[in-house]
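Worksheet: the structure to be examined is printed underneath.
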Amino acid sequence: MGKILGVVNQKGGVGKTTTAINLSACLAIEGLKILLADCDPQANASSGLGLQRDDNRHSVYDALVGDSPAEQAILPTEIECLWLLPGSKNLTGANIELAGAPDRAVRLRRALEPIQENFDLIVLDCPPALDLLTLNVLVAAEILIVPMQAEYFALEGVSELISTLERVRSVFNPELTIEGVLLTMYDDRTNLAQQVTDTLREYFRERLYRTVIPRNIRLAEAPSHGKPVALYDPRSRGTEAYFELAGEFLARNQMERLRQGQRKVARPTRPEPRVRFWPYS
C-alpha cells in the first residue's frame, strides 16, 4: 500500500504547488506510480499539469462531500505513471459544508483508502491556510514535506505549523511526521539565506533536505504551458534540482528507482496545451 505525502505550509508563495507538481512528475518518470491530489480551491496543481478548469468535472470536492468516489475523478497526465485527482473552486465551499459534520477531519483519509493500494505514493497539495482542507490533509497524510523560503517570516510560519501538527497528532493522527523541510526559491548569494539555512539545520538537523530548489525562470514558466518543468525544459536547473530531490526522497524512504535513472516519459495523451494566462477557461 502506497504512502501518503502532504506538501504543507500555511504561508502562501513558498513553492508548495511547484514542489507537489515537480516532485510527483520526477518520481513518476523514475517509474513509481504516483497520484497527485489537488486539495487547493485555486486548483493550480491541476492547471499546472495542463488540465483546463471545469467546475462540473469530478474532483477532490466530490470525494470529500461524498458525491462520488475518488476513483471516478482520477485522470491521466502526459507522464505515463502520473495520475491527477483534480481540484476545483468548489472546495472553498467544503470548509463551510463540512463544518458541522462529526467526521469532517477524516473525510479525505476515508476517500483515499479504497485507492491507496493502487499507487506507490499519493501526493497531497494543500491550500495556503490552516483551514479544514489542510486539516484533512494532515489527518490523511503519513509524512509531510514543508517547502519554505530562506527568510525570517518563514521561520515564524513553520513554528505555527509545528504547533498545529502537535495538536493533530494528539487527536487524529499520532503517526504523522515531518519527512523533510525543503528550501525553495533559494538564492545563495545572500547572507540572509545562509543564516536562515543554518538556523533550520540546527533545529531540524537531518530532516532539512540537502537539496535546495533555486530560483529558476523555467520553473516559473512551466505552469503557463501546463507542464512540469521536467517536460518543459529537461535540462534546466529547476529540473535537475527536482530530480535530485526525488532521489533524496527515495533514499530516505527506502524506495527504488524502477527505471534505473532512465528519464523516459510517455507520449502526450492529449493535444499540446497552449500558453494560458488569466483569465482562461
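It should be emphasised that the depicted structure is a prediction, and the values quoted were computed from it without experimental measurement.
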*Step by step, work out the salt bridge (Lys or Arg N to Asp or Glu O under 4.0 Å) result for E221 and R218.*
CA-CA 5 Å; E221 292 173 348; R218 296 304 192 190; 2.7 Å; yes
*Evaluation steps, side chain to side chain donor-acceptor pair (under 3.5 Å), between Q194 and D198*: CA-CA 6 Å; Q194 189 58 54; D198 291 342; 3.0 Å; yes
*Determine, step by step, whether I29 and I79 satisfy the side chain to side chain contact (heavy atoms under 4.5 Å, CB included) criterion, reporting the C-alpha distance in whole Å, the side-chain angles of both residues, the deciding distance to 0.1 Å, and the verdict.*
CA-CA 7 Å; I29 290 170; I79 298 175; 4.0 Å; yes
*List the steps and the verdict of side chain to side chain contact (heavy atoms under 4.5 Å, CB included) for Y203 and I162.*
CA-CA 12 Å; Y203 183 81; I162 291 174; 3.8 Å; yes
_Using the rule given for side chain to side chain donor-acceptor pair (under 3.5 Å), can you reason through Y232 versus T239, listing the C-alpha separation, both sets of side-chain angles and the distance that settles it, and then say yes or no?_
CA-CA 9 Å; Y232 176 64; T239 297; over 6 Å; no
*Before giving the answer on salt bridge (Lys or Arg N to Asp or Glu O under 4.0 Å), spell out for R169 and E166 the whole-Å C-alpha distance, their side-chain angles and the decisive distance to 0.1 Å.*
CA-CA 5 Å; R169 285 193 193 103; E166 292 300 328; 2.6 Å; yes
*Between Y209 and R252, does a side chain to side chain contact (heavy atoms under 4.5 Å, CB included) hold up when you go through it step by step?*
CA-CA 10 Å; Y209 272 104; R252 286 185 175 203; 3.6 Å; yes
_Steps toward side chain to side chain contact (heavy atoms under 4.5 Å, CB included) verdict (L144, L138)_ = CA-CA 8 Å; L144 302 174; L138 296 177; 3.8 Å; yes
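Looking at T18 and Y242, their side chains never bring a donor and an acceptor atom within 3.5 Å of each other.
The neighbour count for D103 CG, taken as heavy atoms of other residues, nucleotides or ligands under 6.0 Å away, is above 12. Counted within 6.0 Å of CZ on R210, heavy atoms from surrounding residues, nucleotides or ligands total 12 or fewer; the atom is thus considered open. Heavy atoms of other residues, nucleotides or ligands lying less than 6.0 angstrom from CD of Q72 number more than 12.
Contact annotation: the side chain of L124 never approaches that of V7 to less than 4.5 Å [non-hydrogen atoms, C-beta and beyond]. Residues S24 and L84 have side chains not in contact (no heavy-atom distance under 4.5 Å, counting atoms from C-beta outward). Residues Q10 and P127 fail the side-chain proximity criterion, which asks for heavy atoms closer than 4.5 Å. The shortest side-chain heavy-atom distance between V123 and L35 does not fall under the 4.5 Å cut-off. I213 has its side chain out of reach of L183: every pair of non-hydrogen atoms, C-beta onward, lies at least 4.5 Å apart. Side-chain contact check for L200 versus M148: some heavy-atom pair is nearer than 4.5 Å. Counting only heavy atoms from C-beta outward, the side chains of M255 and F249 approach each other to under 4.5 Å. A 4.5 Å side-chain heavy-atom check between L75 and L85 finds every atom pair outside the cut-off.
A donor-acceptor pair is defined here as one N or O able to donate and one able to accept, closer than 3.5 Å; such a pair exists between the side chain of N173 and the backbone of A141. Using a distance-only test at 3.5 Å, with no hydrogens or angles considered, a donor-acceptor pair links the side chain of N9 to the main chain of P147. Judged by distance alone, with hydrogens and angles left aside, the side-chain atoms of S46 form a donor-acceptor pair with the main-chain N or O of G87 at under 3.5 Å. At least one donor-acceptor pair under 3.5 Å links the side chain of K33 to the backbone N or O of N118. Here the side chain of D62 pairs a donor or acceptor atom with the backbone of S59 at under 3.5 angstrom. A donor-acceptor pair under 3.5 Å is formed between the side chain of E142 and the backbone N or O of I4. Remark: the backbone N or O of L32 is not paired with any side-chain donor or acceptor of D120 at under 3.5 angstrom. Between the side chain of T184 and the main chain of V14, a donor-acceptor pair closer than 3.5 Å is present. Side-chain N or O atoms of N216 include one that pairs as donor or acceptor with a backbone N or O of L219 at under 3.5 Å. Under the 3.5 Å distance criterion, the side-chain polar atoms of R104 are matched with a main-chain donor or acceptor of A101.
One finds no salt bridge joining R207 and E179 here, because no Lys/Arg side-chain nitrogen approaches an Asp/Glu carboxylate oxygen to under 4.0 Å. A salt bridge does not link R237 with E240: every distance from a Lys NZ or Arg NE/NH1/NH2 to an Asp or Glu carboxylate oxygen is 4.0 Å or more. For R107 and E97, the salt-bridge test fails: no basic side-chain N is under 4.0 Å from an acidic carboxylate O.
In plain terms, the two heavy atoms of F243 and A230 that are nearest each other are CE1-CB, 4.1 Å. Closest approach of F119 and I34 over heavy atoms only: CD2-C, 3.9 Å. Across all their heavy atoms, A94 and L133 have their closest contact at CB-CD2, 4.2 Å. Heavy atoms only, all atoms of each residue included: K16 and V8 are closest at CD-C, 3.8 Å. The heavy-atom pair separating P228 from L49 by the smallest distance is CD-CD2, 3.8 Å. The nearest pair of heavy atoms linking S68 to H58 is OG-ND1, 3.3 Å.
Atoms CG and OG1, on L36 and T77 in that order, are 9.0 Å from each other to the nearest 0.5 Å. T177 OG1 to L165 CG: the interatomic distance, rounded to the nearest 0.5 Å, is 9.5 Å. I21 contributes atom CD1, which lies 11.5 Å from atom CG of L23 (distance to the nearest 0.5 angstrom). Note that OG1 of T211 is 10.0 Å distant from CG of L208, once rounded to the nearest 0.5 Å. Remark: L108 CG to C39 SG distance equals 5.0 Å, nearest 0.5 Å. For the atom pair K3 NZ and L121 CG, the distance stands at 8.5 Å (nearest 0.5 Å).
In the hydrophobic cluster analysis, where Ile, Leu, Val, Met, Phe, Trp and Tyr join through side-chain heavy atoms closer than 4.5 angstrom, M185 is grouped apart from I217. Both V171 and L161 are assigned to one and the same hydrophobic cluster, defined by single-linkage of ILVMFWY side chains at heavy-atom distances under 4.5 Å.
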